[in-house]
*Asks:* 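Take a look at the following structure, please.
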Number of protein chains: 2
Amino acid sequence: MEAIIEKYKKSGVKLTPQRLAIIKFLEGNTSHPTADDIFKSIKKDYPTISFATVYNTLEMLKTNNGLVEVTINPERKHYDPNVETHHHAICKSCGLIVDIFTDFSKALGVVEDEVSGFVFSGNHINFYGRCGDCTSERDS
Amino acid sequence: MEAIIEKYKKSGVKLTPQRLAIIKFLEGNTSHPTADDIFKSIKKDYPTISFATVYNTLEMLKTNNGLVEVTINPERKHYDPNVETHHHAICKSCGLIVDIFTDFSKALGVVEDEVSGFVFSGNHINFYGRCGDCTSERDS
DNA sequence: TTCTAAGTTAAGAATGATTCTACTTAACGG
DNA sequence: CCGTTAAGTAGAATCATTCTTAACTTAGAA
Ligand SMILES: [Mn+2]
Ligand SMILES: [Mn+2]
Ligand SMILES: [Zn+2]
Ligand SMILES: [Zn+2]
């Protein structure tokens with residue numbers, strides 16, 4: 001946490017209580033929250049916070065490489081403080097998003113030569129299915 | 001085309017001129033158009049068409065397995081008449097979306113056992129990069 | 001053919017996530 | 001402390017998509 005704060009100070013951004021609250025909320029968070037999830041959570045401690053602040057902070061974090069947008073749900077954006085390359089499993093029933101850290105670069109690399117003219121810089125895999133809870137629910 | 005028309009007739013939907021125009025526009029289309037792209041194109045022949053009809057028809061096609069939504073662009077949905085499993089290359093510069101038909105099931109299958117409780121039913125890979133045009137443009 | 005029921009279209013209103021605006025407030029280097 | 005200036009806030013605006021409702025086709029029955 002301290003290291004994270006230092007990082008932002010160096011990049012010249014002001015560390016307001018609201019920003020720190022959002023950074024703390026996201027730190028180590030693997031739930032892939034939406035802007036609304038973040039807003040609701042921060043509102044408990046900062047009742048006057050506005051969506052503008054949430055979105056502005058997310059934008060700031062994005063440009064400082066502290067956050068990535070996860071484009072999985074066409075209805076709204078999800079945010080992920082884990083900026084390392086990784087993939088996701090998505091439950092088609094309840095929307096749960098789970099991280100997958102397996103490295104597929106070898107298996108995928110071969111193909112990247114086959115697409116005419118493209119120069120690739122990254123990839124992301126979505127695995128669709130049903131999570132444990134939703135599977136056992138249907139069985140019963 | 002004839003086969004496609006038969007397919008929808010059988011499923012009990014009425015094939016109106018607007019619907020046929022949309023189906024024709026999509027048939028074999030690999031450009032991954034948005035609802036607005038479709039609307040603009042159909043409007044040339046049917047000036048009174050509305051967005052409601054475009055969205056209704058897309059919904060109808062989706063439920064009849066004649067179309068899939070492509071969740072790649074967080075700003076708007078793209079539609080793909082190719083319902084076979086395939087993947088996409090996305091140009092980060094111009095937004096071009098190109099199909100990739102390589103089969104990765106073997107390489108990905110191994111992992112699917114490792115995610116606790118999940119039962120998987122499909123996957124989709126996004127390859128990010130720059131297309132040929134955008135790459136040569138930057139070079140010059 | 002003509003009639004009907006059911007499904008479809010079109011215009012515009014409604015929704016909801018995200019962005020913008022105008023103004024107030026507070027962070028922080030000096 | 002102070003001044004500069006970035007950041008916070010409330011609410012309006014935007015824009016893709018969905019909803020509502022009345023008028024209109026379609027296809028089958030008579
Ligand atoms: Mn993740
Ligand atoms: Mn495609
Ligand atoms: Zn689930
Ligand atoms: Zn390009």
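Proteins get letters first, then strands, A, B, ... in listed order; numbering begins at 1 in each.
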*Asks:* Please give, in whole Å, the distance from D:dC15 P to B:F39 CZ?
*Replies:* 16 Å

*Asks:* So does B:Q18 get a side-chain nitrogen or oxygen closer than 4.0 Å to the phosphate oxygens (OP1/OP2) of C:dA10?
*Replies:*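 For C:dA10, OP1/OP2 do have a side-chain N/O of B:Q18 under 4.0 Å.
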
*Asks:* Output the single nucleotide from D:dG8, C:dT9, C:dA27 whose closest atom is nearest the side chain of A:P17.
*Replies:* C:dA27

*Asks:* In whole Å, I'd like the distance from the CZ atom of B:F51 to the C1' atom of C:dA13.
*Replies:*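 One finds 16 Å between C1' of C:dA13 and CZ of B:F51, rounded.
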
*Asks:* Please give, in whole Å, the distance from D:dT17 P to B:E75 CD?
*Replies:* 10 Å

*Asks:* Rounded to whole Å, please give me the gap between CD in B:E69 and C1' in D:dT18.
*Replies:* 13 Å

*Asks:* Between A:E27 and A:K24, does any NZ, NE, NH1 or NH2 come within less than 4.0 Å of an OD or OE carboxylate oxygen?
*Replies:* no

*Asks:* Rounded to the nearest Å, what distance is computed from the CD1 atom of residue B:I42 to the C1' atom of nucleotide C:dA10?
*Replies:*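 Distance check: B:I42 CD1 to C:dA10 C1' gives 16 Å.
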
*Asks:* Where do B:H88 and B:D99 land on the side-chain hydrogen bond (donor to acceptor under 3.5 Å, both in side chains) test, with the steps shown first?
*Replies:* CA-CA 5 Å; B:H88 294 105; B:D99 289 324; 3.1 Å; yes

*Asks:* Respond yes when some side-chain nitrogen or oxygen of A:Y55 is under 4.0 Å from OP1 or OP2 of C:dT18, and no when none is.
*Replies:* yes

*Asks:* Look at all strands and tell whether A:T48 reaches a base, only sugar-phosphate, or nothing, counting heavy atoms closer than 4.0 Å.
*Replies:* sugar-phosphate

*Asks:* Round to a whole Å and report the spacing from CG of B:L61 to C1' of C:dT8.
*Replies:*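 Whole-Å distance recorded here is 14 Å.
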
*Asks:* When you measure from the side chain of B:K77, which nucleotide among C:dT8, D:dT17, D:dT9 comes out closest?
*Replies:*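 Among the listed nucleotides, the one closest to the side chain of B:K77 is D:dT17.
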
*Asks:* Can you tell which of D:dA10, C:dA27, C:dA10 lies closest to the side chain of B:A52?
*Replies:*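 When the side chain of B:A52 is considered, C:dA10 is the closest of D:dA10, C:dA27, C:dA10.
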
*Asks:* Hey, which sits more toward the 5' end of DNA chain C by its nearest nucleotide, A:V13 or B:L15?
*Replies:*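 On the 5' side of the pair lies B:L15.
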
*Asks:* At under 4.0 Å between heavy atoms, what does A:P74 touch on the DNA or RNA strands: base, sugar-phosphate, or nothing?
*Replies:* nothing

*Asks:* Atom CD of A:E6 to atom P of C:dC28: distance rounded to whole Å?
*Replies:*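 So the CD-P distance, A:E6 to C:dC28, works out to 11 Å.
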
*Asks:* Would you say B:T53 places a side-chain N or O within less than 4.0 Å of OP1 or OP2 belonging to C:dA10?
*Replies:*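 So the side-chain polar atoms of B:T53 do come within 4.0 Å of the phosphate oxygens OP1 or OP2 of C:dA10, strictly under.
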
*Asks:* Can you work out whether B:P47 or B:G12 has the more 5'-proximal nearest nucleotide on DNA chain C?
*Replies:*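 Mapping each residue to its closest nucleotide by heavy atoms, the 5'-most match is B:G12.
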
*Asks:* Could you check whether A:T34 and A:K77, counting side-chain N and O atoms only, form a donor-acceptor pair closer than 3.5 Å?
*Replies:* no

*Asks:* Ring centroid separation for A:Y128 and B:H124, is it under 6.0 angstrom?
*Replies:*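 No; B:H124 has its ring centre 6.0 Å or more from that of A:Y128.
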
*Asks:* Any side-chain N or O of A:T16 under 4.0 Å from OP1/OP2 of D:dG8?
*Replies:* yes

*Asks:* Which nucleotide sits closest to the side chain of B:K14: C:dA11, D:dG8, D:dT26?
*Replies:* D:dT26

*Asks:* Return the nearest nucleotide to the side chain of A:R19; candidates are D:dT9, D:dA7, D:dT17.
*Replies:*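 Looking only at heavy atoms from C-beta outward on A:R19, the closest nucleotide is D:dA7.
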
*Asks:* To the nearest Å, how far apart are B:N56 CG and D:dT18 C1'?
*Replies:* 9 Å

*Asks:* Assess whether atom NZ of A:K9 is packed by more than 12 heavy atoms of other residues, nucleotides or ligands within 6.0 Å.
*Replies:*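 No.
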
*Asks:* Is it the case that the ring center of B:Y79 lies less than 6.0 angstrom away from the ring center of B:H32?
*Replies:* no

